[in-house]
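Start at 1 and go down the list; that is how both ligands and their atoms are numbered. Source: prediction; values computed, not measured.
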Amino acid sequence: MSPVARRPRFVAGNWKMHKTAAEGGALARELVAHLGARPPCAVALCPPFTALEAVRQALDGSPIGLGAQNLHPEPRGAFTGEISGAMLAAAGCRYVIVGHSERRHGMGEDDALVARKLRAARRDGLTPIVCVGETLSERDQGLTADVLVRQIRSAYDGLAEAEARETVIAYEPVWAIGTGRVASPEQACEAHRIIRATLDRVVGAGAGANVCVQYGGSVNAENAPRLFAEPELDGALVGGASLEAASFFRIVAAAAAVV
Ligand code: PEP
């Protein structure tokens with residue numbers, strides 16, 4: 001029997017509000033040195049806006065992609081303090097995180113705004129990393145599937161299969177982000193299957209199998225091999241453990257190691 005084709009793996013580091021430009025440039029240079037000219041899988045770094053240029057310079061000539069952590073849905077205008085997708089693309093970004101729970105729950109971003117941001121990212125040639133996930137109270141009430149279906153349906157409704165394929169989804173249970181309480185591989189797989197089945201229904205049959213679905217939430221060098229043993233997980237969105245070159249490198253290596 002021929003082996004089942006595996007989706008390519010993709011690991012992205014979300015630096016959140018950490019690293020000045022100088023610190024970010026230094027970390028990116030260290031990672032380039034660790035990962036070499038040919039990283040074992042796709043990798044991206046998402047520093048704060050102010051470190052984008054320093055990190056872009058450090059990544060110059062490397063296949064490691066540059067990403068931002070947020071964008072405004074409008075292309076331009078009177079939106080003080082905001083950044084457009086076109087600005088991010090011009091700054092060298094290939095990716096942008098959309099709908100991170102720290103923005104949904106901390107900054108009041110709702111499903112409708114996340115959907116607009118996803119479309120804005122695509123309009124401006126960026127690959128959105130669309131974050132979805134339930135809170136602890138939603139999980140405890142048995143609402144995990146409802147939340148995932150609602151978030152995916154709202155974000156992807158109206159997208160063609162080819163467009164959906166050019167996005168990345170990060171399943172990030174809110175209770176696992178920055179808490180040290182990682183989802184079990186079984187919990188992550190179950191959520192990923194719900195996400196793929198919802199894509200099949202909303203975007204079209206087969207869509208779910210073609211979209212990269214990362215897991216995010218307290219991934220570190222120790223738990224990464226156990227998580228990545230699951231072919232359902234196409235990579236990870238990594239917060240805390242991406243702030244140090246050695247741990248991020250070990251996560252990337254773990255993602256690439258499992259066939
Ligand atoms: C994140 O910020 O997307 C994240 C998953 O954070 P952490 O890895 O620190 O839980």
Legend entry - Amino acids contacting ligand 1, non-hydrogen cut-off under 4.0 Å: Asn14, Lys16, His100, Glu172, Ala176, Ile177, Gly178, Gly216, Gly217, Ser218, Leu237, Val238, Gly239, Gly240
Legend entry - From OG1 (Thr167) to CG (Asn210), nearest 0.5 Å: 11.0 Å
Inset, instruction - Would you give the length of the straight line joining atom CD of Glu23 to atom CH2 of Trp15, rounded to the nearest 0.5 angstrom? - result: 10.0 Å
Legend entry - Qualifying residue, where the test is side-chain contact (heavy atoms from CB on, under 4.5 Å) with Phe10 and the options are Ile129, Val213, Thr127, Asp234: Ile129
Legend entry - Lys/Arg-Asp/Glu bridge criterion (N-O < 4.0 Å) met for Arg103, Glu109: yes
Legend entry - Contact list for residues 68-88, test ring-ring contact (aromatic ring centres under 6.0 Å, His included), sequence neighbours left out: His72-Phe79
Inset, instruction - Apply the test side chain to side chain donor-acceptor pair (under 3.5 Å) to residues His100 and Gln69: give CA-CA distance (whole Å), side-chain angles for both, the deciding distance (0.1 Å), then the verdict. - result: CA-CA 8 Å; His100 192 281; Gln69 299 174 18; over 6 Å; no
